[in-house]
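Every chain is numbered from 1 and lettered A, B, ... according to where its sequence line falls, protein lines coming before strand lines.
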Amino acid sequence: MSETQQGMFGARGTGDTSGYGGLVATSVSTGSTERPFGGYFDQVADDLERAYPDFADAITRVVVECGELTLHIKKERLVEVSRILRDSLLFEMCMGVSGVHYPERTGSELVAVYPLLSMTRNQRIRLEVCTSESDPHIPSVVDVWGGNNWHERETFDMFGIIFDGHPGLTRILMPDDWDGHPQRKDYPLGGIAVEYKGATTPAPSQRRSYQ
Amino acid sequence: MTTTFDPYASSRETTEGTVYSVTGGDWDSLVSEIGEAKEERIIVNMGPQHPSTHGVLRLVLELEGETITEVRPGIGYLHTGIEKNMEFRSWTQGTTFATRMDYLSPVFNETAYCLAIEKLLGITQDVPERASVIRVLMMELNRISSHMVALGTGALELGAMGPMFFAFREREMVLDAFEAITGLRMNMAYIRPGGVQQDIPADMTPRLRELVKTLRKNFKDNERLLIGNTIWMKRTVGIGYLDLAGCTTLGITGPVLRSTGLPWDLRKMEPYCGYENYEFDVITADTCDVYGRFLIRMAELEQSLRIIEQALDKLDALKGAPVMVADKKIAWPAQLALGADGLGNSLNHIREIMGTSMESLIHHFKLVTEGFRVPAGQVYAAVESPRGELAAHIVSDGGTRPYRAHFREPSFNNLQSTSAMSEGGMIADIIGAVASIDPVMGGVDR
C-alpha cells in the first residue's frame, strides 16, 4: 500500500529466502463486488435501492470482503443515505466512526468508516466515506445517530477530519492546544532509543519494518 | 456586594454576572458574597482526581443548588496512544497493547483483536476447539472479576464499604486463577492470533471447579447485603434513568441496554468462539435505572459460572487437543515447560531449533522478529464485554503490522450517556449513574 520504505532495513518484495513469507497478500480491489453478495447483503442492497432512488449516484462502490458489506458513499450524500438506512432499513445503531489515513491516495487521503448495526434484523453493514487532506470535510451524522458525537470528536482529534454540522467539534483525547493529528501517517510516533549493556535498541518508529 | 479582596475567592465581573473562582481558604467570605447574588448557579469541577468518578474522569457540573442542570464529561487524562503504537508492532505484539486498554477486562480486548485478525487471515474456522473453549472460559472468569469491581466500587462510591470487601475477595480468587493459567494476574496477552498462548495447566480444571463452588457460595454475601436493602434501593431505584430509545440513539450496549428490557447480547445474537454451544440466559431488567443494572450484573455472575462449568466439561473431553492453529506460518512458537524456577522454555523445542533443524531455527526467528503477514483488507469483529459491545476495526495493507487498529470501546461510547442520565437530578445521584455505566478510563481513553 505504501511505496516508501521506512526503518533500518526493509526488504523489497518479500525479501524472503526461507519460504516463510508464504502468505500471499491480495491487493485491495478498487472495483465493486459483483452480485450476488451472499447472505442478507443482497436484501440490504435491494431494500436500499428501493428506498433510495439515487442509489446508483450516491453509492460509488459496494464491496463484500471477509463476509462484511461495505457501502462507499459520496460524502455529500452521507446524511441522507444514513437517514434512510436508519428509518427504512432499521439500522438504528451506529457503532461509531473510525478514521484511516492513506497518504498515497491523492485526493481521497482520509477515510471515515461507520459500522452500522440493526438490532431489529440482527444485521451489520459498514459505510465508508472519503475526503481529501486539503479539504478534510465530511458531514456529521450526529443528527441521525446521536451516539456518534464523541466518536466524531475522536476522529477529528486523531485525523483532522472536520465533521460539518457537529454540535461541538473539539478535541476529546488530546489537550485542546495540541498541534497536529496524531493518527495521521505523517505524524511521528516519537519514542527514544534504549541502551542496554552497550547495545542500542532504536525507538519503535525507527526499527526495521517488513513489507 | 462587598468590596474587600479575598485571595481565595476572587470575583470578577463578566457579561454573565459576577464569577467567583474558589481556590480554597476562606469559605465564610465566599458564602456571604454568594448569599447576596440573585442566582445560585455554580460550576463545579468534579475530578479528574476524585474518589468516586471511577478513575481519571472529569465531570464539569453546572449546579443550581443541589440540582444538576448540565454535565460535561471531560476525558483524555489516560490517553496512551495504544492504537498508534500498534501500527509499529507486529500483529502478535499487538495483543500486548490491546490487553492494556480496558484493564479490567483484558481477555475481552485480546479476543476482539484476535478474532479480527483471524477473520482477515481467513482462519476463523481453523482455530482449534480447545482454544475456543479456553477463550470462553477466560472471558467468563474475566466477566466475573470485572463485574466484581463494578459492584464493589459502585457500592463504595455510594457509601457502602462492605460490598467492596466481598467483591474484591472474589476478584482476588479469579485473578489467582488467571495467574495460575497465564502467569499474570492482569494484562496477560494470553489470547493470541490463532489460539491461545499455551494450554492451561493439567491440574487446572479441578481447581476451577472448586473455585466455581466457592464463588457461588460467596456471591450470596453481597446478594444478602444489597438486594432489597432499603438504603441501597433509595440510592439506586429510579436513578440514572435511560430508556430504550435513549440507548439506541446513543449507541449504548451491555448491561445499560439490557436494563431497558431488550435482551441484546452478542453471545446469543452473533455467537463467536462457539458461544452457541453453551446454555445460559440473557439477563434483563425493565427498570432502566441503576438498580436494574446492578441486578443484571449480579445475575450475570451466575450465568458466567454456568458457562464456566460447561467449558470445564468440554476441556476435560478435549484433553490433549491443540490450542493453536496447525499452520506453523502463524502459530506462535510458545512452547513452555516448568523449570525449577517456575518458568522456562520447553527443552524439546530448544533441542529441535538449536540442535536438530536449522530450518526450525530460521522459522522460529522469522516468526518472532518479523511476524506473519495478514492479507490486505479491513474487518470489524465484536465481542460482548462486561460493558457492552467491544469491537476491533482492523485495517491491513498486507504487511506484518496493522495499518490501522481502532477499538470501539463500550466505556467510551456509554460514558456519553452521563448527561442524559444525570441532568435534572441531584448531584449525589450522578455518582450512582456513572457507577452503573461502569466506565473504565483505560478503555475510554486508550
- Item | Distance-minimising heavy-atom pair for A:Leu173 and B:Val444 |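 The answer is CD2-O, 4.1 Å.
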
- Task: Would you name the heavy atoms of B:Val379 and A:Arg126 that are closest together and state the gap between them?
- Result: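 Minimum heavy-atom contact is C-NH1, 3.8 Å.
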
- Message: Looking at A:His101, is its backbone amide N or carbonyl O close enough to the side chain of B:Tyr403 to form a donor-acceptor pair, meaning the two atoms are under 3.5 Å apart?
- Response: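 Answer holds: yes.
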
- Task: Measure from the side-chain N and O atoms of A:Glu65 to the backbone N and O of B:Gly377, and report whether any donor-acceptor pair falls under 3.5 Å.
- Result: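 Such a contact is absent between A:Glu65 side chain and B:Gly377 backbone.
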
- Please identify each residue that fulfils side chain to side chain donor-acceptor pair (under 3.5 Å) with A:His72, with sequence neighbours left out.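 If we apply the side chain to side chain donor-acceptor pair (under 3.5 Å) test to A:His72, skipping adjacent residues, there are no hits.
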
Counting only non-hydrogen atoms closer than 4.5 Å, does [X] touch chain A with its backbone (N, CA, C, O), its side chain (CB onward), both, or neither?
X: B:Leu78; value: neither
X: B:Ala382; value: side chain
X: B:Asn85; value: both
X: B:Phe412; value: both
X: B:Gln416; value: both

- Applying side-chain hydrogen bond (donor to acceptor under 3.5 Å, both in side chains) between A:Ser98 and each of B:Arg408, B:His393, B:Gln378, report the one that passes.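 Only one of B:Arg408, B:His393, B:Gln378 forms a side-chain hydrogen bond (donor to acceptor under 3.5 Å, both in side chains) with A:Ser98, namely B:His393.
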
- Can you check whether B:Arg404 reaches A:Gln183 side chain to side chain, under 4.5 Å on heavy atoms?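 They are in side-chain contact.
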
- Any side-chain heavy atom of B:Leu257 sitting closer than 4.5 Å to one from A:Met93?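 The answer is yes; the side chains approach within 4.5 Å.
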
- Message: If I measure from the heavy atoms of chain B, does A:Val113 come under 4.5 Å with its side chain, its backbone, both, or neither?
- Response: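 Contact with chain B involves the side chain of A:Val113 alone.
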
